[in-house]
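Presented below is the structure to which this report refers.
Order of appearance sets the numbers: ligands from 1, and atoms from 1 within every ligand. Computed from a predicted structure; not experimentally measured.
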Amino acid sequence: MKRVYFLLAFSALGMNVYGQKTTDQRVAELLSKMTLEEKVGQMVQYSGFEYATGPQHSNSAAVLDEIKKGKVGSMLNVAGAEETRAFQKLAMQSRLKIPLLFGQDVIHGYRTTFPVNIGQAASWDLGMIEKSERIAATEASAYGIHWTFAPMVDIARDPRWGRVMEGPGEDTYLGTQIGLARIKGFQGKGLGSLDAVMACAKHFAAYGAAVGGRDYNSVDMSLRQLNETYLPPFKAASEAGVATFMNSFNDINGIPATANQYIQRNLLKGKWNYKGFVVSDWGSIGEMIPHGYAKDTAEAAEKAIQGGSDMDMESRVYMAELPKLVKEGKVDTKLVDDAAGRILTKKFEMGLFDDPYRFSNEKRQKEQVNNQENRKFGREFGSKSIVLLKNKDNILPLSKTVKTVALIGPFGKETVSNHGFWSVAFKDDTQRIVSQFDGIKNQLDKNSTLLYAKGCNVDDQDKTMFAEAVETARKADVVIMTLGEGHAMSGEAKSRSTIGFSGVQEELLKEIAKTGKPIVLMINAGRPLIFNWAADHIPAIVYTWWLGTEAGNSIADILFGTVNPGGKLPMTFPRTEGQIPVYYNHYNTGRPAKNNTDRNYVSAYIDLDNDPKFPFGFGLSYTEFTYSDLVLSSENLKGDQKLNISVTVSNTGKYDGEEVVQLYIRDLFGKVVRPVKELKGFKKIFIKKGETKKVEFTLTPENLKFFDDELNFDWEAGEFDIMVGTNSQNVQTKRVNWVK
Ligand code: NOJ
């Protein structure tokens with residue numbers, strides 16, 4: 001009891017048990033010493049001057065001066081021990097010596113890059129995803145970076161949107177698990193550890209639902225859909241203690257996310273009780289003027305802070321307007337205190353008040369420049385992200401002793417592009433990035449020959465290189481074609497209205513196919529592409545996304561069977577652009593199409609099948625997995641009982657391999673209609689050839705909950721289909737009745 005009084009007494013004084021001040025106490029004390037301008041200063045973030053990740057401003061000298069005056073809280077795009085130290089020194093000249101936070105887009109690796117995030121998602125390997133962010137955080141923090149603008153947890157059902165490259169794909173459950181793994185990896189043992197960076201759940205919210213897949217476009221959807229499909233990864237991130245949130249460029253039902261009281265105040269800082277801070281996206285406060293939501297910068301600043309945006313990234317309106325607005329009584333000073341307080345809290349938690357230079361350490365940085373261990377992991381992660389889409393007559397894996405192999409296509413000898421979009425640490429790249437050519441060459445037998453022809457460029461109409469490519473193919477026993485879209489054709493502001501191979505690549509493929517040589521096609525992309533001709537005519541297809549520093553080695557590991565592919569698609573692959581959005585967890589409609597032939601008065605296109613080219617969760621292996629014995633612990637459940645589910649998976653093929661076993665449910669009838677399938681669990685397992693494993697899942701009523709039309713989140717008694725299988729189309733099904 002005495003101890004309780006003792007603790008209470010200390011916490012009342014704002015101290016911990018050791019008599020030290022708590023962070024809250026230190027923040028409050030500091031705030032009490034700050035002028036209004038200094039508080040607003042904490043809410044300002046500028047970009048460094050060497051490069052920009054958004055529309056750039058040019059008055060750099062003024063920024064340096066502002067830092068010295070304590071009018072800047074954070075910089076982005078300033079990295080490196082030396083550079084961050086130099087900027088921090090300026091902040092130490094300010095009256096209260098409040099350190100700067102250095103933010104950076106560390107999106108899929110830093111010095112060592114890993115597969116683009118949609119590729120990572122295809123691994124369905126949460127352990128590897130977490131580890132990759134642990135590595136990224138270790139590397140980035142050694143470069144003086146405190147904060148990454150990741151993970152992007154935007155669910156996206158439209159592959160035309162360029163930023164699907166950066167996200168977890170179309171599914172809320174998978175996306176949530178991936179987001180959590182990434183946050184855990186970034187934040188490591190917790191803020192304040194020298195190898196942890198603050199994570200940032202972005203883009204809050206529904207950025208992935210931009211109309212037509214056009215970046216920055218509007219979002220119009222029911223609150224039910226928003227809560228059920230798009231917000232869960234954010235809620236989970238908030239519960240997991242993600243240090244920051246970033247809002248999004250889009251409006252949601254007419255209100256820009258940046259000033260959206262419903263999502264930022266009511267939900268995030270209200271219902272979810274989130275204690276971190278929210279940074280705007282680049283310029284998104286100012287962009288409320290063209291949105292037509294604020295008539296000038298003053299109104300934009302006012303609406304943004306009322307709406308819960310704590311930090312202004314590069315709109316340059318908070319410092320210009322907020323002090324005035326507070327003085328005029330239009331903005332309550334408590335809002336400024338709250339926002340600045342949230343930001344200062346993170347600076348304390350990062351240990352920056354104890355030592356503002358603690359992350360700017362040249363020695364640590366040097367150790368991370370070209371870390372071989374990290375590269376080794378990157379190679380493995382790359383191969384786990386590849387998805388085998390087709391392997392007719394088991395062309396793959398290739399023998400290492402094939403006499404002559406021809407590598408043909410514009411990506412064969414590419415190096416830096418293997419990083420994919422977002423590789424900010426490579427402006428000064430000096431390390432070797434493994435090209436596909438080198439990766440294949442490294443593994444091919446010494447007595448074999450590897451030929452190469454570029455064939456065409458990534459994105460123009462030039463066919464002059466075709467003849468040489470055809471000649472090269474003729475000399476080979478097997479042709480590896482490497483096609484796709486350019487690495488910078490996906491990413492921010494990289495929406496495409498057609499998503500096939502760019503330029504004349506498909507024509508090149510057709511010319512090479514005429515030689516009659518066996519072809520293995522590798523597809524490089526940051527999104528699902530449409531490639532029907534290839535899918536129907538080419539015997540072997542591997543989807544390689546963009547794999548990062550070790551790309552060539554990862555690819556060769558798959559082509560030659562050192563690694564057996566086990567990746568599965570995290571997004572549905574459409575047949576045509578006209579079929580978009582197409583996703584596995586759609587509703588049934590009142591007139592579902594029963595097959596692809598009877599299109600009369602059913603929900604179908606008269607000229608197109610309803611099913612996609614490749615379904616969500618699809619991916620082949622060099623071995624065969626056979627599913628049997630779906631067993632449920634009961635077919636009649638009541639209340640909070642648990643449903644245990646098991647299935648037997650046998651490796652009946654010729655190779656050891658990994659399989660992602662997927663659990664889906666369907667709630668047959670509801671107060672609101674429910675999707676035909678919802679992913680509720682998955683397990684990635686390794687099974688040796690000839691062996692069998694039993695895979696188990698558990699469901700509770702918690703897993704059955706959904707949002708109704710009044711936004712109540714609950715489950716309903718009734719019948720549910722329980723489905724387990726190798727992808728979202730190929731499942732075994734059993735039905736249960738679950739009463740309250
Ligand atoms: C704009 C992007 O939308 C966001 O994701 C990124 O973090 C910022 N620019 C900063 O580069």
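- Here is the list of ligand 1 atoms found below 4.0 Å of a heavy atom in Arg163: 2 (C), 3 (O), 4 (C), 5 (O).
- Each of the following atoms of ligand 1 lies closer than 4.0 Å to a heavy atom of Thr53: 9 (N), 10 (C), 11 (O).
- Residues satisfying the ring pair (Phe, Tyr, Trp, His ring centres under 6.0 Å) criterion with Phe277, sequence neighbours excluded, are Trp147.
- Outside the 6.0 Å centre-distance limit, the rings of Phe114 and His108 are not counted as a close aromatic pair.
- Distances from ligand 1 to the non-hydrogen atoms of Met152 include no value under 4.0 Å.
- In terms of protein heavy atoms, atom 8 (C) of ligand 1 is closest to Asp281 OD1, 3.4 Å.
- Distances below 4.0 Å separate heavy atoms of Phe149 from the following atoms of ligand 1: 7 (O).
- Of all atoms in ligand 1, listed by their number and element, those nearer than 4.0 Å to a heavy atom of Met246 are 4 (C), 7 (O).
- Residue contact check: His203 has heavy atoms under 4.0 Å from atoms 3 (O), 4 (C), 5 (O) of ligand 1.
- Glu82 CD: 12 or fewer foreign heavy atoms inside a 6.0 Å radius.
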Only pairs under 3.5 Å count here: list side-chain donor-acceptor contacts from residues 179-190, not counting sequence neighbours, and write none if there are none.
residue: Arg182; atom: NE; partner: Glu133; partner atom: OE2; Å: 2.6
residue: Arg182; atom: NH2; partner: Ile107; partner atom: O; Å: 2.8
residue: Arg182; atom: NH2; partner: Glu133; partner atom: OE2; Å: 3.0
residue: Gln187; atom: OE1; partner: Ala199; partner atom: N; Å: 3.0
residue: Gln187; atom: OE1; partner: Ala243; partner atom: N; Å: 2.9
residue: Gln187; atom: NE2; partner: Gly241; partner atom: O; Å: 3.0

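- Below 30°, between 30° and 60°, or above 60°: for Trp546 and Phe411 the angle between ring planes is above 60°, a perpendicular geometry.
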Inset, instruction - Would you sort out whether Asp171 and Arg157 count as a salt bridge (charged side-chain N to carboxylate O under 4.0 Å, His left out), showing the intermediate values? - result: CA-CA 8 Å; Asp171 184 64; Arg157 292 166 162 178; over 6 Å; no
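- The distance criterion of under 3.5 Å between nitrogen or oxygen atoms is not met by Trp282 with respect to ligand 1.
- Closest heavy-atom approach to atom 6 (C) of ligand 1 among the candidates Asp105, Ile107, Val279, Val106: Asp105.
- The side chain of Leu76, and not its backbone, has at least one atom closer than 4.0 Å to an atom of ligand 1 (non-hydrogen atoms only; side chain from C-beta on).
- Aromatic rings of Phe573 and Tyr543 (six-membered ring for Trp) have centroids within the 6.0 Å cut-off, being under it.
- Aromatic ring centres of Phe234 and Trp272: separated by at least 6.0 Å.
- Within the listing of ligand 1, atoms 4 (C), 5 (O), 6 (C), 7 (O) sit less than 4.0 angstrom from a heavy atom of Lys202.
- For His203 against Asn247, the heavy-atom pair with the smallest separation is CB-O, 3.9 Å.
- Looking at ligand 1, you won't find any N or O of Glu166 less than 3.5 Å from one of its N or O atoms.
- Of all the heavy atoms of Gln104, none lies under 4.0 Å from any atom of ligand 1, so neither backbone nor side chain is involved.
- Annotation: Tyr207 places no N or O atom under 3.5 Å from an N or O atom of ligand 1; distance criterion only.
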